[in-house]
A.B. asks: 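Here's a structure for you.
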Amino acid sequence: MEIAAVTQRLYNFEIRRLVFIIGVAVVVVVLNQCFELPYGKGFYFSPADTDSASVVTVLGNVSSSNDSESRKIDVVGVVRVMSNDSDVVELEKNASKVTVGINRSDDDKFRNESVLKDSGIDESNTADNEPKTSSVSEFHSEDGMVSVVAQGASTYSPENIDAGSKGDIKQATKIQVEDKKTEPLHFVSITSHDNSSLTGISTLKKWNPRPISLSQMNSLLLQSPISSSSKNPRQYSTRDRELQSVKVKIENAPIIRDNPGLSASVFRNISKFMRSYDLMEQKLKVYVYTEGEKPIFHQPLMRGIYASEGWFMKLIEGNKKYSVRDPRKAHLFYLPFDSHMLRLKLNGTSKKGLEMYLKRYVGVIAKKYPFWNRTGGADHFLVACHDWAPKITSKCMGSCIRSLCNANIARDFKIGKDTSLPVTYIKSVEDPLADLGGKPASERSILAFFAGGMHGYLRPILLHYWENKAPDMKIVGPMPRDTESKRLYRDYMKSSKYCVCARGYEVHTPRVVEAIFHECVPVIIADSYVPPFFEVINWESFSVFIQEKDIPNLRNILLSISDEKYLKMKSEVKMVQQHFFWHKKPVKYDLFHMVLHSVWYNRILQIKK
């Protein structure tokens, strides 16, 4: 009996031990699945086999959620950073991949806007779209060191990386550079992999699960205009009644087949456009608020990637034709702030903080004037090019007509109310039209051209499929920023039939206007991007829209376009150029007038007859 009891106890002990071992095994497997990086890759820096360069090869996975949540990005590439061989730190020997986590919290405490610039080839020396938090950021210190920071990820092992964390984990590796002024990010080349899943369509589905196509946007535009979220005035003002009359005249515009200097096929309806434009010149009056202190208000920045908002501010303030000093005579009210200057001067402030700053400004004008409260801001407008502008204006100024560079209909942009602002990189304020034009069609030997920084999820995929894949496809990463490379970049655009305009961190890119500038047919790859002046311009007459998922078929799509159609599109690019030019003194149909007309036109669409 005693032996049986002992046997039973031993049996029970063995059962418990077996259960414990199984439990431990399950926990180990679960933890391994949670913390192991995609494809089992590690994180390391390796020395280059070229002079004075270190190489970082990057491979990761993309998952996305809201802006405030953590992200991982799938990038396959080689970043060469100028350094001394003796200073290259190899964090993990015999490895070949780096996985970098991206943390996109609103605070963006580790953001550095001066690095990872998109050179295109870098004409602009500024980023296409600002990184929310760069996957690899660098910070110059006083001792001449460059800290390369992989944010939201540890530099040592997969076990130290929490894929769901919003991340306080940061690891910096310092690389001594020979010259503090030397540009560390020299160029990027993307490695090829037979396994397309590394940078394939699955990545696009994760990052952009519900793309909106151009045809869908066309359908939305044809529907009834988006009703303003603002309250309707109890009684229409004299100016509103004038707009009601204008709306009737536009809808009953006389038929115009063509117009000297304009191409009918470039417009959705040239008759309505001409009637609306002429009435704008005859009637429109804009009141520019004098409130707001420089430099955030009334001090335009007129160079660089965000120059569009600065040029418009400069040209509208004090404009004798459209501006009025008496706000009672105004049809529209302009909020004269520069979103890029706002970000610069309040550097370190979260998006929420910038939104509160603008909310206080709205409170000031709403208290001082009756106009905002009368319509809830529906007859007010702003012009903003910074990436954050849609987010920081969506609540406090959401009822306004917003002219935005970052025109993403899948997020904060409203077709029928907001307008899309062209991204125009201005190199010279004195001569914004320098080096205009390109080669005739017969001398354009390159089928398609792209060069630029690896911003966002899309461009690494573009290079994965098309870098060095076809002799007539010039698809490369960022080129050096020396004078010769900049000239070469322009020559490529002037010598290409099609210029690929691939989105960066956000949907917009200056390449659209650059392509038009150099008479190269734009190939826009940016799902959900609303192109400039969408409400009046027929973009399909002079450009090609390719959905992101169709990148593997890019060359076949372009080759399927007949020579006759290409020549027609190229001629239309030439015709539409004038609408994308800034002039120091505004001229008819130029960019200043087109921006103003879009605001005017959308306001009229919202007015009830």
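These numbers come from a predicted model, not from an experiment.
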A.B. asks: To the nearest 0.5 angstrom, please state how far the CG atom of Leu335 sits from the CD1 atom of Ile365.
C.D. replies: 5.0 Å
A.B. asks: With His508 as reference, evaluate Leu404, Asp387, Ile524, Asn408 under the side chain to side chain contact (heavy atoms under 4.5 Å, CB included) test and give the passing residue.
C.D. replies: Asp387
A.B. asks: Walk me through whether Lys494 and Asp435 qualify under salt bridge (Lys or Arg N to Asp or Glu O under 4.0 Å).
C.D. replies: CA-CA 10 Å; Lys494 294 178 180 182; Asp435 204 31; 2.7 Å; yes
A.B. asks: Is the distance between the ring centroids of His518 and Phe449 under 6.0 Å?
C.D. replies: no
A.B. asks: What do the steps show when you test Ser263 against Glu572 for side chain to side chain donor-acceptor pair (under 3.5 Å), and what is the final call?
C.D. replies: CA-CA 8 Å; Ser263 173; Glu572 298 289 30; 2.9 Å; yes
A.B. asks: Is there side-chain contact between Ile551 and Trp466, with at least one heavy-atom pair below 4.5 Å?
C.D. replies: yes
A.B. asks: With sequence neighbours left out, what residues match Phe297 under ring-ring contact (aromatic ring centres under 6.0 Å, His included)?
C.D. replies: Tyr361
A.B. asks: So, the side chain of Ser496 versus the backbone of Cys499: is there a donor-acceptor pair under 3.5 Å, distance only?
C.D. replies: no
A.B. asks: Do Arg268's NZ or CZ and the ring of Phe534 fall within the cation-pi criteria of under 6.0 Å and 45°?
C.D. replies: yes
A.B. asks: Show every salt bridge (charged side-chain N to carboxylate O under 4.0 Å, His left out) that has at least one partner inside residues 522-546, sequence neighbours left out.
C.D. replies: none
A.B. asks: Between Arg603 and Asp240 (salt bridge meaning N to carboxylate O under 4.0 Å), is one present in this structure?
C.D. replies: yes
A.B. asks: Keeping the roles fixed (side chain from Gln578, backbone from Asp590), state whether a donor-acceptor pair exists under 3.5 Å.
C.D. replies: no
A.B. asks: Look at Lys568 together with Glu564 and state whether they make a salt bridge at an N to O cut-off of under 4.0 Å.
C.D. replies: no
A.B. asks: Can you sort out the partners of Lys321 under salt bridge (Lys or Arg N to Asp or Glu O under 4.0 Å), two or more places apart, ordered by chain and number?
C.D. replies: none
A.B. asks: For the backbone of Ala441 and the side chain of Lys497, can you confirm whether one donor and one acceptor N or O come within less than 3.5 Å of each other?
C.D. replies: no
A.B. asks: How far does CG of Leu559 sit from CE of Met473, to the nearest 0.5 angstrom?
C.D. replies: 8.0 Å
A.B. asks: Run through Tyr287, Phe592, Trp600 and flag the one making a side chain to side chain contact (heavy atoms under 4.5 Å, CB included) with Tyr322.
C.D. replies: Phe592
A.B. asks: Under 6.0 Å between the ring centres of His597 and Phe533?
C.D. replies: no
A.B. asks: Could you label the plane-to-plane angle of the Trp539 and Phe580 rings as parallel, tilted or perpendicular, counting under 30° as parallel and over 60° as perpendicular?
C.D. replies: perpendicular
A.B. asks: Looking at residues at least two apart in the chain, or sitting in another chain, which of them share a salt bridge (Lys or Arg N to Asp or Glu O under 4.0 Å) with Arg275?
C.D. replies: none
A.B. asks: Students often mix this up, so state it plainly: with edges at 30° and 60°, are the rings of Tyr589 and Phe273 parallel, tilted or perpendicular?
C.D. replies: tilted
A.B. asks: Mind checking whether Gln216 and Ile409 have side chains closer than 4.5 Å, heavy atoms only?
C.D. replies: no
A.B. asks: Donor-acceptor pair, distance only, cut-off 3.5 Å: does the side chain of Arg402 make one with the backbone of Met397?
C.D. replies: no
A.B. asks: With ring centroids as reference points, do Tyr334 and Phe381 lie under 6.0 angstrom apart?
C.D. replies: yes
A.B. asks: Using atom types as modelled and distance alone, determine if a side-chain donor or acceptor of His331 lies under 3.5 Å from a backbone N or O of Lys285.
C.D. replies: yes
A.B. asks: Please find out if less than 6.0 Å separates the ring center of Phe545 from that of Tyr529.
C.D. replies: no
A.B. asks: Salt bridge check: are Arg411 and Glu506 linked by an N-O gap of less than 4.0 Å?
C.D. replies: yes
A.B. asks: Does the side chain of Phe267 come within less than 4.5 Å of Met274's, by heavy atoms?
C.D. replies: no
A.B. asks: Please name all residues satisfying ring-ring contact (aromatic ring centres under 6.0 Å, His included) with Phe413, sequence neighbours left out, ordered by chain then number.
C.D. replies: none
A.B. asks: Would you say Ser528's side chain and Ala410's backbone share a donor-acceptor pair under 3.5 angstrom?
C.D. replies: no
A.B. asks: Any salt bridge between Arg239 and Glu242, counting N to O under 4.0 Å?
C.D. replies: yes
A.B. asks: Hey, are Lys345 and Asp338 close enough for a salt bridge, meaning a charged N less than 4.0 Å from a carboxylate O?
C.D. replies: no
A.B. asks: Got a sec, which residues hit side-chain hydrogen bond (donor to acceptor under 3.5 Å, both in side chains) with Lys574, two or more places apart in sequence or on another chain?
C.D. replies: Glu519
